[in-house]
Amino acid sequence: MPNKNYILEMFPYPSGNIHMGHVRNYVIGDICARYHKLKGDEVIHPMGWDAFGLPAENAAIQFKTHPQDWTLSNIKNMKSQLQKLELDLDWDRELATCNEDYYRHQQELFIDLYKAGLAYKKDAVVNWDPVDQTVLANEQVIDGKGWRTGAQVEKKNLSQWFFKITNYAEELLNDLDKLDLWPEKVKIMQKNWIGKSLGAEIKFKISNQNEFLNIFTTRPDTIYGATFIAVSINHPIVKKSLSKLEIDKIKKDFNEIDDDKEKLGYKIKISCDHPMLDKKIPVYVANFVLDTYGEGAIFGCPAHDERDYEFAKKYSLPIIKVIDCDDDQLPFTEDGFLVNSPILDGLNKNDAIKKIIFHLKKVGIGNEKTNYKIRDWGVSRQRYWGCPIPAIYYEDGSFRVLEKNELPVLLPYDVNLEGKGNALLNLDKWRKVICPLTNKPALRETDTLDTFVDSSWYYMRFLNNKLDRPFDVNQINESLPVDKYIGGIEHAILHLLYSRFFMKALRDIYKLKVDEPFKQLFTQGMITHKTYKTKKNEWVMPKDVISRDGDLYREKSFERVEEGPAEKMSKSKKNVIEPDEILDNYGIDATRIFMISDSPPDRELEWTDEGIQSSKNLIHRIERYFSQKITPLKNDTEKKVEKFVNDLEKNILNFSLNKCVADIYTLFNYLEREKVYLSDSKLSHKIIICIFPILPKLSLSLNKNLFNSSKFSKWPTVRAELLIEDQINLPVQINGRFATTIQTKKGYDKDVILDTIYKLDKIKNKITEKKVIKVINVQDKIINIIIS
RNA sequence: GCGCCAGUGGCGGAAUGGUAGACGCGCUGGUCUUAGGAACCAGUGGGCAACCGUGGGGGUUCGAGUCCCUCCUGGCGCACCA
């Protein structure tokens with residue numbers, strides 16, 4: 001049975017044209033896929049389109065077209081661009097998330113999630129663009145304004161669909177440890193996002209009432225230092241003790257504050273009893289308390305928390321030290337010994353935490369508690385161009401999620417996007433339905449799903465894109481996880497976390513045997529290019545820049561131009577290189593090799609004309625080399641080729657693709673320096689197979705010309721015995737500093753070689769009149785002579 | 001502020017604790033020319049030299065670019081998360 005190897009690059013959004021970033025991404029994946037195919041693996045290497053989303057709607061309005069037409073024509077164009085790159089992709093697995101074929105199955109998954117209690121509806125605060133009458137994603141809000149309308153974004157309470165990702169917070173966190181082939185950086189980002197903290201929940205009794213206020217704290221040990229309580233403006237207790245007018249006034253003040261770090265608070269009527277001491281402490285509404293974290297309420301211990309300290313100073317609240325420190329160290333947030341805390345005095349932080357929780361538990365007003373920063377995933381979008389959520393609403397306000405046999409809910413084609421808000425809202429023809437179960441009139445859900453839902457399971461659908469169900473359980477168990485997942489670091493949290501959640505949720509629903517979707521993650525770096533600007537701050541395209549006497553000018557106008565640092569390619573800075581042009585001018589192989597040559601694939605790659613040119617020169621050089629007549633081998637030729645195969649393979653497997661390029665240069669430098677021409681020999685065939693993953697076109701044409709064949713045998717097995725070098729250059733150090741080298745054979749006799757070494761001029765000079773104290777011989781590696 | 005990563009020639013970058021600078025670009029000189037974004041040859045960390053060199057300072061080690069401590073600089077991420 002061949003090894004299954006699922007190699008996947010993050011599928012693109014069909015924006016219109018592929019860019020160099022795509023090219024780099026897909027070339028890296030393609031090299032892997034081709035290598036593994038040569039190894040005889042059963043490679044899965046699909047490609048598809050992340051085809052729903054906002055840009056299509058905006059483009060439709062701007063260009064008077066339809067999101068679907070725009071998207072499908074972009075897909076067509078981008079597919080032909082990708083095909084121009086001749087990537088080794090399984091096009092028969094292709095899918096586009098905007099096709100009924102895909103999203104109808106997603107609606108089925110939605111129903112499953114709903115039935116499993118993992119999808120639900122609740123009121124939530126969202127970013128509302130008052131001009132477009134629609135919700136904006138967080139990333140579409142720039143400096144508090146809508147990116148398209150420039151209007152001040154409002155916070156609005158809307159009924160929204162959510163996925164219960166918090167159910168999996170603990171597992172999503174713990175399983176990060178299993179992902180040993182993920183970049184540490186991404187795992188840390190996810191860990192921080194999940195934001196687990198251990199602490200305690202403490203009930204504070206509201207004075208003179210029989211009610212309690214819950215707070216979460218990671219520092220229950222500082223309870224004796226609590227001098228106030230602060231709650232968020234949205235805390236239920238605020239509604240009870242303040243009028244709507246007062247609340248609105250406070251909200252306004254909070255919003256208007258310039259520096260969002262400045263503390264602001266209003267004391268409210270109620271106060272709480274201190275749980276450990278016979279005293280009352282005041283309750284404030286404070287702008288720095290988050291209503292989305294913990295209980296939306298805290299106790300303030302000014303002596304040992306920077307925020308509480310700042311707040312207490314501003315409102316002249318008492319500051320009681322409960323951890324031993326100097327007064328000028330306040331607020332003191334480190335570990336120390338407890339003071340002023342009757343039952344905790346003398347304990348350190350951890351012991352005090354244990355003891356106070358034990359006590360609070362006993363008294364029945366507290367417990368240990370684990371809190372997570374991660375919140376449930378809001379998936380509702382008030383947008384037309386997305387997957388319709390399969391639900392209907394009755395006139396009484398109740399709703400029903402559809403049954404699977406009522407699917408699909410198709411997205412209607414005839415819509416008016418010029419109107420305000422979600423086009424589906426105004427489409428009564430589509431919206432109004434009679435519920436087949438109750439015969440009652442109902443309205444369709446007009447929200448569509450966040451497009452991150454689409455990309456959370458596409459790697460499952462690729463396994464069988466024609467199945468009449470979302471996926472086949474056996475196929476998932478056999479073919480997942482994806483072995484190598486390659487894409488940009490910008491998806492470190494959202495997409496990768498959502499996909500992990502989906503995998504686990506669907507595992508539980510469908511009894512799958514897979515816990516994680518992506519076994520290995522590789523994040524490629526972006527492509528940068530120098531930027532050019534005129535004195536008038538106009539960006540100039542690199543190809544319009546000419547050099548005269550060391551100065552740079554814009555070709556057309558002969559204005560002086562300044563060269564700026566290499567930055568991420570962007571249309572606004574005009575430093576974009578179009579893949580189509582490069583492919584036309586330099587060809588596929590030169591483009592491929594440049595994508596991997598100048599820096600490690602996970603780092604930035606600076607686009608340079610010299611770089612792409614020298615890549616092309618290398619191709620020509622290899623062609624020229626193989627056009628030479630065959631010559632006899634040198635003694636070490638076989639060894640050099642074997643080392644090449646070995647190094648190249650190691651470097652492909654490590655994603656050290658820049659070193660693969662160095663390996664190719666090293667090999668041909670040797671062959672040409674030694675004037676060993678291999679022509680149509682066996683060794684040639686070996687070399688030509690090995691360069692195939694990186695330079696497929698060249699490799700195929702050499703195979704045709706030299707061997708009149710269009711097929712390769714498998715990737716050669718390295719003969720370990722040929723990798724051993726018995727002749728070595730042994731370095732000799734004196735007192736740990738390099739002195740000289742000596743030619744010898746592996747397995748030399750230490751005493752014999754030392755005799756020779758002592759006679760070498762470079763050594764003799766240095767050790768005469770000195771005493772050799774010690775000789776360190778690391779056999780076959782180095783000799784270090786220690787002298788007095 | 002917190003966290004993470006990184007600092008090596010003119011540049012991009014190589015170096016299981018063992019000859020620092022592989023490989024490429026650029027540059028210098030030369031060769032050949034159907035005068036080209038071509039190819040080939042030689043050279044290219046600094047210094048006349050002894051020697052000195054991997055951001056600075058300490059340490060561990062026979063031996064440190066690599067390990068430890070500390071500081072500096074840059075990049076990325078998070079940012080009142082109680």
Side-chain angles (χ1 to χ4, degrees), chain A residues 183-197 199-200 215-220 222 229-230 232 259-263 286-301 304-308 310-311 333 371-375 489-490 492-493 525 566 585-586 593-594 597-600 602-606 608-618 620-621 624 647 651 656 658-669 672-673 728-742 773-778 780-787:
Chain A
E184 213 51 41
K185 186 187 165 87
V186 174
K187 288 193 278 185
I188 289 165
M189 282 164 76
Q190 293 212 353
K191 191 179 166 204
N192 292 340
W193 186 267
I194 295 166
K196 179 179 182 176
S197 37
I215 64 98
F216 172 75
T217 178
T218 55
R219 294 295 306 273
T222 62
I229 280 177
S232 102
D259 176 8
D260 61 0
K261 291 265 168 171
E262 194 187 327
K263 306 275 178 292
N287 66 338
F288 69 96
V289 181
L290 305 169
D291 60 321
T292 54
Y293 186 75
E295 303 287 334
I298 58 148
F299 77 71
C301 175
H304 306 291
D305 182 284
E306 282 173 28
R307 297 152 302 181
D308 299 346
E310 214 184 300
F311 192 77
T333 56
N371 206 22
Y372 299 90
K373 203 171 86 177
I374 190 172
R375 291 193 287 148
I489 186 100
E490 65 272 19
I493 294 176
N585 290 335
Y586 297 94
I593 210 156
F594 180 55
S597 57
D598 273 8
S599 43
D602 55 348
R603 282 200 225 165
E604 277 181 10
L605 171 71
E606 186 183 338
T608 59
D609 292 343
E610 292 82 3
I612 183 72
Q613 184 57 46
S614 63
S615 297
K616 193 175 183 183
N617 292 345
L618 175 63
H620 287 155
R621 179 176 164 196
R624 267 198 316 276
D647 291 351
N651 287 328
S656 300
N658 54 323
K659 286 190 252 169
C660 291
V661 181
D663 293 334
I664 295 173
Y665 275 109
T666 305
L667 175 69
F668 285 96
N669 285 350
E672 291 186 329
R673 187 178 60 239
I728 52 168
N729 255 335
L730 188 71
V732 181
Q733 295 180 332
I734 290 177
N735 286 345
R737 291 151 68 98
F738 172 74
T740 187
T741 61
I742 180 167
I773 298 168
K774 192 172 159 189
V775 173
I776 292 148
N777 174 43
V778 184
D780 300 337
K781 287 274 186 188
I782 201 161
I783 286 185
N784 189 5
I785 301 165
I786 310 303
I787 56 174

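Below, read A as the first sequence line, B as the second, and so on, with proteins coming before strands; counting in each chain starts at 1. The structure presented is a predicted model; accordingly, all values stated were derived computationally and were not measured.
- Within the model, atoms CZ of Arg219(A) and OG1 of Thr217(A) stand 8.0 Å from one another, a figure rounded to the nearest 0.5 Å.
- Residues forming a side chain to side chain contact (heavy atoms under 4.5 Å, CB included) with Ile782(A) (at least two apart in sequence, or on another chain): Pro731(A), Gln733(A), Val778(A).
- Residues meeting the ring pair (Phe, Tyr, Trp, His ring centres under 6.0 Å) test with Phe311(A), sequence neighbours left out: Phe228(A), Tyr284(A), Phe288(A), Tyr315(A).
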Watson-Crick and G-U pairing of RNA chain B written in dot-bracket, each distance under 3.5 angstrom, with | for inter-strand partners: (((((((..(((.....[....)))((((((.......))))))((....))..(((((..]....))))))))))))....
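- Under the salt bridge (Lys or Arg N to Asp or Glu O under 4.0 Å) criterion, Lys196(A) pairs with Glu170(A), sequence neighbours left out.
- For Asn777(A) and C62(B), the shortest distance from a side-chain N or O to OP1 or OP2 is not below 4.0 Å.
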Nucleic acid footprint by protein, nucleotides 34-54 of chain B - heavy-atom cut-off 4.0 Å, B for base, S for sugar-phosphate alone: ---B-S-----------SS--
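- Using a 4.0 Å heavy-atom criterion, one finds that Tyr665(A) contacts the sugar-phosphate atoms exclusively.
- A syn base is found at G9(B): its glycosidic angle is within 90° of 0.
- Every side chain to side chain donor-acceptor pair (under 3.5 Å) that Tyr293(A) has, sequence neighbours left out, goes to Ser197(A).
- In this structure, Ile776(A) reaches the bases: a heavy-atom distance under 4.0 Å links it to at least one base atom across the strands shown.
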Provide a list of protein-nucleic acid N or O atom pairs under 3.5 angstrom, restricted to nucleotides 14-17 of chain B.
residue : atom : partner   : partner atom : Å
A15(B)  : OP1  : Lys659(A) : NZ           : 2.3
U16(B)  : O4   : Lys781(A) : NZ           : 2.8

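- A search for side chain to side chain donor-acceptor pair (under 3.5 Å) contacts involving Glu606(A) returns Lys530(A), not counting sequence neighbours.
- Contact check of residues 189-197 of chain A against RNA chain B (heavy atom, cut-off under 4.0 Å) returns Met189(A), Ser197(A).
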Pairs under 3.5 angstrom, nitrogen or oxygen only, protein versus nucleotides 64-67 of chain B, please.
none

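- For the side chain to side chain donor-acceptor pair (under 3.5 Å) condition, the pairs that include at least one residue of residues 658-669 of chain A, sequence neighbours left out, are Arg621(A)-Asn669(A), Asn651(A)-Asp663(A).
- Contact check of residues 728-735 of chain A against RNA chain B (heavy atom, cut-off under 4.0 Å) returns Asn729(A), Pro731(A), Gln733(A).
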